[in-house]
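These notes are about the structure you will find just below.
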Amino acid sequence: MESLRNNKYYNLFTGLLLLGFGGFRLYQHYTANPTLNTFRLVIAFASIGYGIYALYNFTQLKKQE
């Protein structure tokens, strides 16, 4: 059985989930009246960054097969 880090569907699901979460938080920040504090913005950008990395990892694991 594959480890969880090398499971390509885990990377796909994690990447899409984190991109959605980070994008939604940034959308809230730029369109809603109450703006997010700095810590929440950092978490939103970090989740988008890790989501992009997870999707990149998904494409690399797919090429190895």
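Heads up: numbering here begins at 1 and tracks the sequence.
Distance CG/L55 to CZ/F13: 12.0 Å, rounded to 0.5 Å. The OH atom of Y10 lies 14.5 Å from the CZ atom of F58; values are rounded to the nearest 0.5 Å. Once rounded to the nearest 0.5 Å, the distance linking CD1 of I43 with CD1 of I48 reads 12.5 Å. The CG atom of L17 sits 11.0 Å away from atom CG of L12, with the distance rounded to the nearest 0.5 Å.
Checked by atom type and distance alone, the side chain of T14 never pairs as donor or acceptor with a backbone atom of N11 at under 3.5 Å.
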(message) Go through it in stages, so that I can follow the logic: the residues are I52 and L18, the test is side-chain contact (heavy atoms from CB on, under 4.5 Å), and I'd like the CA-CA distance, side-chain angles, deciding distance and then a yes or no.
(response) CA-CA 9 Å; I52 291 171; L18 288 173; over 6 Å; no
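A continuous path of Ile, Leu, Val, Met, Phe, Trp and Tyr side chains, each step under 4.5 Å between heavy atoms, connects L19 with Y30, placing both in one hydrophobic cluster.
Closest heavy-atom contact between G22 and S47: CA-OG, 3.4 Å.
Between L41 and H29, the closest side-chain pair of non-hydrogen atoms falls below 4.5 Å.
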